[in-house]
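Owing to the predicted nature of the structure, the values given are computational and were not obtained by experimental measurement.
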Number of protein chains: 2
Amino acid sequence: MKTEKISEFTVSRLSIYLRCLNLLAASGVTTTSSQALAQQFQLNSAQIRKDLTYFGEFGVRGVGYNVAELRQQLSKILGLDLIHRIGIIGAGNLGMALANYRGFDPSHFQVAAMFDRDLSRVGETSRSGVYVYHIKDLKPIVASENIRIGVICVPADDAQEVANLLVTAGITAILNFAPVRVHTDPKVKLKSIDLAISFESLSYFVAKPAQAQAESRKFVPHAAGEIVSD
Amino acid sequence: MKTEKISEFTVSRLSIYLRCLNLLAASGVTTTSSQALAQQFQLNSAQIRKDLTYFGEFGVRGVGYNVAELRQQLSKILGLDLIHRIGIIGAGNLGMALANYRGFDPSHFQVAAMFDRDLSRVGETSRSGVYVYHIKDLKPIVASENIRIGVICVPADDAQEVANLLVTAGITAILNFAPVRVHTDPKVKLKSIDLAISFESLSYFVAKPAQAQAESRKFVPHAAGEIVSD
DNA sequence: AATTGTGAATTCCTTCACAGCC
DNA sequence: GGCTGTGAAGGAATTCACAATT
């Protein structure tokens with residue numbers, strides 16, 4: 001394994017590779033190659049190999065990759081051998097939807113608690129069984145529930161304040177859904193999904209159909225907005 | 001204006017610039033400069049200028065930019081002088097949350113209809129007043145409601161089928177929230193927000209705190225997963 | 001004097017192409 | 001023969017730095 005910097009692009013692609021391998025494993029494939037993966041899932045084989053070799057030499061020349069082994073390696077690299085405890089701040093539509101979201105595996109990601117400042121929401125429980133605490137209890141609950149990831153689902157005007165609270169509470173990573181740029185301690189990994197920017201980008205392409213199709217890359221990881229770790 | 005290809009990165013930043021300008025306008029600022037914007041909002045002034053000059057020469061040398069004029073220009077470029085009619089497919093948690101989402105201006109984006117194949121959801125209405133139709137009525141409702149943007153909020157296994165239906169219904173752009181890569185006609189603008197990838201990227205950085213902070217760019221537009229127009 | 005618009009330099013990301021190995 | 005791992009090439013995006021302009 002090298003000590004080179006791993007880009008956000010590479011990390012996102014690892015997720016995609018793992019997803020592809022899971023599909024292959026489910027259909028009983030035990031061995032594959034970068035070319036086979038590339039062809040089946042419309043990726044570039046050299047990129048797959050390059051991404052993987054940042055973390056080790058998982059393949060066998062002339063043969064390819066063992067599906068089971070590579071799945072396990074990628075799971076490990078992505079930290080999916082751990083259980084991540086998540087706290088959602090803002091128990092509105094989006095926060096509730098995320099608490100109930102079934103798109104990710106509950107053996108890796110668990111929404112442990114929600115928080116809101118609105119007393120009418122405090123004491124509620126999501127359909128999936130997540131309790132809504134008052135925001136003033138953020139710090140002790142983060143500690144007692146072992147929460148490492150905070151998800152900001154409050155309006156733009158409150159996002160920075162919530163980010164500050166999360167940092168103070170000792171969170172490790174933040175996923176921000178508020179349509180605003182927030183700033184945090186560099187030790188906290190911050191990532192944003194900005195729905196307003198996503199829709200406005202679509203708007204641009206809808207409004208300009210001629211130019212719209214010309215550009216665009218095959219793959220761009222992440223949330224509209226920003227990825228910041230400082 | 002040049003006929004160069006405009007990158008997805010640039011388009012996303014235009015949204016950010018517009019947002020910054022809106023804040024400046026709200027606080028009564030009438031003139032600004034790329035340096036002032038860069039400093040206040042942590043951007044790079046050369047990048048702002050370069051992004052803007054893809055679309056025209058909006059500034060005055062030695063003076064800067066007129067806030068009101070630049071806002072209007074950016075709104076126009078981003079197609080925000082139009083009203084975008086949106087259809088959401090999948091009236092589950094996420095679909096409902098988006099139908100009720102208040103993060104974008106209803107004078108630019110209107111959720112006109114939702115669709116589901118589950119009869120128990122058909123006939124419901126979101127809190128914001130959006131009716132849920134049966135998916136079999138997609139095509140006629142898309143036409144009658146003048147829907148141009150389709151938002152996929154169904155499980156991964158159904159996403160490709162829904163994408164096909166949307167293309168057949170004559171949609172112009174698709175925003176895909178399903179954690180899977182979908183393929184469409186190249187004439188349709190496709191963009192994905194992959195929450196599973198976003199969380200897995202955070203997982204990577206939570207699991208590897210040492211390396212985690214080293215890399216990462218200041219700004220990466222878009223959804224985890226992919227941006228595809230083909 | 002100040003700030004834009006932009007060619008040049010730089011940095012980063014992707015793809016090519018092949019030596020090395022099974 | 002076939003496939004990996006990787007140096008080198010190519011392409012994109014960002015930033016620098018300055019000539020042009022008011």
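Judged as a salt bridge (Lys or Arg N to Asp or Glu O under 4.0 Å), and not counting sequence neighbours, the contacts of B:Arg85 are B:Glu145. The side-chain contact (heavy atoms from CB on, under 4.5 Å) search around B:Asn100 returns A:Asn93, B:Ser126, B:Arg127, B:Ser128, not counting sequence neighbours. In terms of the ring pair (Phe, Tyr, Trp, His ring centres under 6.0 Å) criterion, A:Tyr17 has no residue partners (sequence neighbours excluded). By the ring pair (Phe, Tyr, Trp, His ring centres under 6.0 Å) test, A:Phe58 pairs with no residue at all, sequence neighbours left out. For A:Arg19, the salt bridge (Lys or Arg N to Asp or Glu O under 4.0 Å) criterion is met by B:Asp194, not counting sequence neighbours.
Listed by residue number, the members of residues 22-34 of chain A with any heavy atom below 4.0 angstrom from DNA chain C form an empty set.
Residue pairs meeting the side-chain hydrogen bond (donor to acceptor under 3.5 Å, both in side chains) criterion with at least one member in residues 27-41 of chain A, sequence neighbours excluded, are A:Ser34-A:Arg49. For the ring pair (Phe, Tyr, Trp, His ring centres under 6.0 Å) condition, no pair includes a residue of residues 24-46 of chain B, sequence neighbours left out.
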N/O donor-acceptor pairs under 3.5 Å from side chains in residues 154-166 of chain A, not counting sequence neighbours:
unit_1	atom_1	unit_2	atom_2	d
A:Gln160	OE1	A:His183	N	2.9
A:Gln160	NE2	A:Asn164	OD1	2.8
A:Gln160	NE2	A:His183	O	2.9
A:Asn164	ND2	A:Gln160	O	3.4

Please table the atom pairs, donor to acceptor, closer than 3.5 Å between any side-chain atom in residues 67-81 of chain B and protein atoms at least two apart or in another chain.
unit_1	atom_1	unit_2	atom_2	d
B:Arg71	NE	B:Asn22	OD1	2.6
B:Arg71	NH2	B:Asn22	OD1	3.1
B:Ser75	OG	B:Arg71	O	3.2

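Computed from coordinates, the A:Asn66 CG to C:dC22 P distance equals 17 Å when rounded to whole Å. Between A:Glu57 atom CD and D:dG5 atom C1' there is a gap of 6 Å when expressed in whole angstrom units. Look at CD on A:Gln47: it is 17 Å from P on D:dG7, rounded to the nearest Å. Remark: P of C:dT11 and CD of A:Glu8 are 21 Å apart, rounded to the nearest angstrom. Between A:Asp51 atom CG and D:dT4 atom P the separation is 14 Å, expressed in whole Å.
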List every contact pair, protein side and nucleotides 18-22 of chain D side both N or O, where the distance is under 3.5 Å.
unit_1	atom_1	unit_2	atom_2	d
D:dA20	N3	B:Arg61	NH1	2.9

Show the distances under 3.5 angstrom between N or O atoms of the protein and N or O atoms of nucleotides 8-10 of chain D.
unit_1	atom_1	unit_2	atom_2	d
D:dA8	N6	A:Lys50	NZ	3.3

